[in-house]
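Encoded as structure tokens, the structure appears first; notes follow it.
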Amino acid sequence: MQGLTGKRVIVAGGATGIGAATAERLTEAGAAVAIGDVNLERARETADRLVAAGGKATAIEFDLSDDRSVEAFITESAGFLGGVDGLFNVGAEMTPAVFKNDLTAIDTDMEIWKRVLDVNLLGYARTIKVALPLMLESGGGSIVNTSSGAAFNGLNNRVAYSASKAGVNALSRHVATVWGREGVRCNSVMPGMVIGETQKRMNHHELHAEIMSRIRSPRLGAPSDIAAIVTYLLSDDGEWVNGQSWNVDGGLSLRD
Ligand SMILES: NC(=O)c1ccc[n+]([C@@H]2O[C@H](COP(=O)([O-])OP(=O)(O)OC[C@H]3O[C@@H](n4cnc5c(N)ncnc54)[C@H](O)[C@@H]3O)[C@@H](O)[C@H]2O)c1
């Protein structure tokens, strides 16, 4: 992949899973990364591992649901990196207390709706609000927002999560439309079932088996499968991809 050496990338929510795998791939390709997360301990572990392997990385504690925290995180990241060329928004509200109570449109409490939208959608709006002007200052850049197949699937539960991810797709298209001519690209990646440590912990064997029965590829996804696409979108090789929402799901979204 071309055009990643020396790129300065912020990974918002990259302590574990897809974010951590992407930070690893970025540093392997010569980019520098600032990894932000509510889980500082795990973000530090990830950053330390990348530094030990010869990469440039740091970990910063922040909360996607807090305006000031996001502003401080992006500012500190830009200071560490010396500017901003890329932003990968990947954090999401996945705590069991919220996840298990995100049900149907009748059964889901407004507090659950508010929390999910605050982190998953407004969180990305917050990081973009602060990072985008910095990108414009340096002549442009690439933003990748993490959506989900749930944005389109019409799931029978997880109404707030699905709506938040549909909003993320609209946010990406908006940014591409308004700032594309100034050199800013903004795309969404929509993972299918990707088994990272959070999914292993959730232990949803029945769901995994059901997805395996429909997926076109011979296996479920790994964080590295999504990291490969995000890294491409952040690289100069992805220069003509703008405003798109890409399914990366082993063909799960195909219909019979
Ligand atoms: N794994 C899948 O099957 C799958 C499928 C579709 C979409 N996604 C999306 O991929 C992204 C990454 O998920 P993952 O599977 O790697 O899970 P993960 O739990 O490993 O990663 C999510 C990260 O977000 C962080 N986070 C949570 N709340 C935060 C907050 N308020 N502020 C800052 N950071 C916060 C967590 O600490 C964690 O590091 C999420 O946006 C998720 O919705 C995942």
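Counting starts at 1 for both ligands and their atoms, following the listed order. Both backbone and side-chain heavy atoms feed into the values below; hydrogens, waters and symmetry mates do not. From a predicted model like this one, the values you see are computed outputs, not experimental measurements.
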Worksheet item: Counting N and O atoms only, with roles assigned by atom type, does the side chain of R185 sit under 3.5 Å from a partner on the main chain of G140, one being a donor and the other an acceptor?
Response: no
Worksheet item: Do any N or O atoms from the side chain of D225 and from the backbone of A222 form a donor-acceptor pair under 3.5 angstrom?
Response: yes
Discussion item. I'd like to check which ligand 1 atoms, numbered from 1 as shown, lie under 4.0 Å from a non-hydrogen atom of G17.
Written reply: 16 (O), 20 (O)
Discussion item. I need the I143 CD1 to S172 OG distance, nearest 0.5 Å.
Written reply: 8.0 Å
Item to complete: Please work out whether the ring planes of H204 and F99 are parallel, tilted or perpendicular, with thresholds of 30° and 60°.
Response: parallel
Worksheet item: Of the protein's non-hydrogen atoms, which lies at the shortest distance from atom 3 (O) of ligand 1, and what is that distance?
Response: V194 N, 2.8 Å
Fill in: Side chain, backbone, both or neither: R42 near ligand 1, heavy atoms under 4.0 Å
neither
Fill in: Within 6.0 angstrom of R68 CZ, more than 12 heavy atoms from elsewhere
no
Worksheet item: atom 29 (C) of ligand 1: which protein heavy atom is closest, and how many Å away?
Response: V38 CG2, 3.5 Å
Discussion item. Let me confirm one number: the CD1-CZ distance from I35 to R42, rounded to the nearest 0.5 Å.
Written reply: 11.0 Å
Discussion item. If you apply the rule salt bridge (charged side-chain N to carboxylate O under 4.0 Å, His left out), what do you find for K129 with D67, and how did you get there?
Written reply: CA-CA 10 Å; K129 197 173 175 57; D67 293 359; over 6 Å; no
Worksheet, complete the sentence: Numbered in order shown, the ligand 1 atoms found under 4.0 Å of a heavy atom of G91 are 24 (O), 41 (O)
Practice prompt. Would you mind listing which atoms of ligand 1 come within a distance below 4.0 Å of any non-hydrogen atom of A15?
Written response: 39 (O)
Worksheet, complete the sentence: The atoms of ligand 1 lying under 4.0 Å from a heavy atom of M193, numbered in the order shown, are 3 (O)
Discussion item. Can you tell whether the side chains of R44 and E41 come within less than 4.0 Å, N to carboxylate O?
Written reply: no
Worksheet item: If you measure from each heavy atom of E197 to ligand 1, is any distance below 4.0 Å?
Response: no
Practice prompt. Pick whichever of D63, L40, I226, D37 has a heavy atom sitting closest to atom 36 (C) of ligand 1.
Written response: D37
Discussion item. Give me the residue, atom name and distance of the protein heavy atom closest to atom 13 (O) of ligand 1.
Written reply: M94 CE, 4.0 Å
Discussion item. Using a 3.5 Å distance criterion without hydrogens, assess whether the side chain of T27 forms a donor-acceptor pair with backbone atoms of E24.
Written reply: yes
Worksheet entry | Per-atom contacts of ligand 1 with T16, taking only distances under 4.0 Å to non-hydrogen atoms | 18 (P), 19 (O), 20 (O), 21 (O), 38 (C), 39 (O)
Discussion item. I'd like to check V90 versus V11 (side-chain heavy atoms, cut-off strictly below 4.5 Å). Are they in contact?
Written reply: yes
Worksheet item: Hey, are D63 and S69 close enough side-chain-wise for a donor-acceptor pair under 3.5 Å?
Response: no
Worksheet entry | Minimum-distance protein heavy atom relative to atom 42 (C) of ligand 1 | Y161 OH, 3.6 Å
Practice prompt. Among all protein heavy atoms, pick the one closest to atom 32 (N) of ligand 1 and tell me residue, atom and distance.
Written response: L64 N, 2.9 Å
Fill in: Shortest protein heavy-atom distance from atom 15 (O) of ligand 1, along with the residue and atom involved
Q199 NE2, 2.9 Å
Discussion item. Evaluate R214 against E210 for salt bridge (charged side-chain N to carboxylate O under 4.0 Å, His left out), listing each step before the verdict.
Written reply: CA-CA 7 Å; R214 289 187 289 124; E210 191 273 317; 2.7 Å; yes
Worksheet item: If hydrogens are left out, which of V119, T95, D66, I18 has an atom nearest to atom 44 (C) of ligand 1, that is, the closest non-hydrogen atom?
Response: I18
Worksheet entry | F80 six-ring centre to K56 NZ/CZ under 6.0 Å and within 45° of normal | yes
Discussion item. Considering both backbone and side-chain atoms of E93, is one of its nitrogen or oxygen atoms within less than 3.5 Å of a nitrogen or oxygen in ligand 1?
Written reply: no
Fill in: Protein heavy atom at shortest distance from atom 9 (C) of ligand 1
T146 CG2, 3.5 Å
Worksheet item: Which bit of P223 is near ligand 1, meaning a heavy atom under 4.0 Å away: side chain, backbone, both or neither?
Response: neither
Worksheet item: Any idea which atoms of ligand 1 are less than 4.0 Å away from a heavy-atom of G192?
Response: 2 (C), 3 (O), 4 (C), 5 (C), 6 (C)
Response to the item:
For Y124, the ligand 1 atoms with a heavy-atom partner under 4.0 Å come out as 41 (O)
Fill in: T198, portion touching ligand 1 at heavy-atom distance under 4.0 Å
side chain
Discussion item. Can you report which non-hydrogen protein atom sits closest to atom 11 (C) of ligand 1, along with the distance?
Written reply: V90 O, 3.1 Å
Worksheet, complete the sentence: Numbered in order shown, the ligand 1 atoms found under 4.0 Å of a heavy atom of S147 are 7 (C)
Worksheet item: What do the steps show when you test I128 against L171 for side chain to side chain contact (heavy atoms under 4.5 Å, CB included), and what is the final call?
Response: CA-CA 10 Å; I128 289 172; L171 174 63; 3.8 Å; yes
